[in-house]
Amino acid sequence: MRFNCPPSDSDPVSEMAIVDTFTRLIFGDEAEFSIREQSIIQAFRSVDANVLMDSYGEMGEYLRNLGVSEMIHLVSRIRQHLEEQALAALCDMAQGDHRDGKSARRRHGR
């Protein structure tokens, strides 16, 4: 039996989640963004210097003025940026675990 679980904030971000966040910005729906949506907005600011200091309303206006191909390219850049961030975080955690393992062996005389 297969279960459909709602996405959690730790799941990889889909293109649809990015588009949904863009839709909220475009239509001015600024009521409490989820952690996932906040990470998408931060990634948007990171990959496009034009919106770095913009308010949510200004970001929505910017998105409204993009062409379809520009929007598709932006979604891809944001998804790639988020994937790179997730990979870097995993590498940092793995290196931390490795360092912790070494120090634990030293404490125990191994």
Side-chain angles (χ1 to χ4, degrees):
M1 180 183 278
R2 189 172 179 174
F3 295 98
N4 288 330
C5 298
S8 73
D9 286 327
S10 62
D11 289 340
V13 175
S14 69
E15 291 175 349
M16 197 65 214
I18 296 167
V19 171
D20 287 346
T21 303
F22 282 3
T23 302
R24 288 193 63 193
L25 290 168
I26 289 168
F27 288 103
D29 180 9
E30 299 176 18
E32 290 195 47
F33 288 106
S34 70
I35 292 170
R36 176 180 295 254
E37 291 167 327
Q38 289 173 21
S39 70
I40 291 167
I41 291 168
Q42 186 57 46
F44 180 21
R45 287 185 165 127
S46 295
V47 302
D48 193 330
N50 292 308
V51 298
L52 184 61
M53 303 301 287
D54 284 1
S55 68
Y56 294 142
E58 292 166 329
M59 293 172 90
E61 184 176 337
Y62 177 82
L63 290 167
R64 273 192 299 278
N65 291 315
L66 289 181
V68 173
S69 62
E70 294 169 313
M71 178 79 71
I72 291 169
H73 183 67
L74 179 59
V75 168
S76 296
R77 287 174 40 217
I78 289 171
R79 186 163 185 216
Q80 180 179 4
H81 179 80
L82 291 168
E83 287 173 354
E84 289 169 358
Q85 281 186 321
L87 182 59
L90 284 173
C91 289
D92 287 347
M93 287 177 15
Q95 288 176 352
D97 289 347
H98 181 67
R99 278 184 248 139
D100 291 345
K102 282 184 178 178
S103 61
R105 282 192 293 270
R106 282 191 205 121
R107 282 193 303 263
H108 296 296
R110 294 185 204 162

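Model, not experiment: these values are computed from the prediction.
- With sequence neighbours excluded, the residues that form a side chain to side chain contact (heavy atoms under 4.5 Å, CB included) with Ile26 are Leu63, Arg64, Met71.
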Worked verdict on Arg77 versus Asp48 for side-chain contact (heavy atoms from CB on, under 4.5 Å): CA-CA 9 Å; Arg77 287 174 40 217; Asp48 193 330; 4.3 Å; yes

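- Scored by the salt bridge (Lys or Arg N to Asp or Glu O under 4.0 Å) test, Glu83 finds Arg79 as partners (sequence neighbours excluded).
- The minimum heavy-atom distance between Val13 and Ala17, with the atom names listed, is CG1-CB, 4.0 Å.
- Ser69 pairs by the side-chain hydrogen bond (donor to acceptor under 3.5 Å, both in side chains) definition with nothing, not counting sequence neighbours.
- Checked against side chain to side chain contact (heavy atoms under 4.5 Å, CB included), Ala49 has no partners two or more places apart in sequence or in another chain.
- If you take CG on Leu87 and CG on Leu82, they are separated by 12.5 Å, rounding to the nearest 0.5 Å.
- Qualifying side-chain hydrogen bond (donor to acceptor under 3.5 Å, both in side chains) partners for Gln42, counting only residues two or more places apart in sequence or in other chains: none.
- Partners of Glu58 according to the side-chain hydrogen bond (donor to acceptor under 3.5 Å, both in side chains) rule, which considers only residues two or more places apart in sequence or in another chain, are Ser55.
- Shown here are the side chain to side chain contact (heavy atoms under 4.5 Å, CB included) partners of Asp29, two or more places apart in sequence or in another chain: Arg24, Ala31.
- Under the ring-ring contact (aromatic ring centres under 6.0 Å, His included) criterion, the residue pairs touching residues 48-94 are Phe33-Tyr56, with sequence neighbours excluded.
- Cluster annotation: Ile40 is not connected to Ile72 through the hydrophobic network of ILVMFWY side chains, with a link wherever side-chain heavy atoms come within less than 4.5 Å.
- Considering only heavy atoms from C-beta on, Ile18 stays 4.5 Å or farther from Phe44 through its side chain.
- With rounding to the nearest 0.5 Å, the separation of CD1 in Ile41 from CZ in Arg36 is 13.0 Å.
- The CD1 atom of Ile78 sits 11.0 Å away from atom CD of Glu15, with the distance rounded to the nearest 0.5 Å.
- Both Phe27 and Phe22 are members of a single hydrophobic cluster when ILVMFWY side chains are connected at heavy-atom separations under 4.5 Å.
- A search for side-chain hydrogen bond (donor to acceptor under 3.5 Å, both in side chains) contacts involving Glu30 returns nothing, not counting sequence neighbours.
- When hydrophobic side chains of Ile, Leu, Val, Met, Phe, Trp and Tyr are connected at separations under 4.5 Å, Leu52 ends up clustered with Met53.
- Note that CE of Met59 and CZ of Arg45 are 4.5 Å apart. Values are rounded to the nearest 0.5 Å.
- Judged as a side chain to side chain contact (heavy atoms under 4.5 Å, CB included), and not counting sequence neighbours, the contacts of Glu70 are Leu66.
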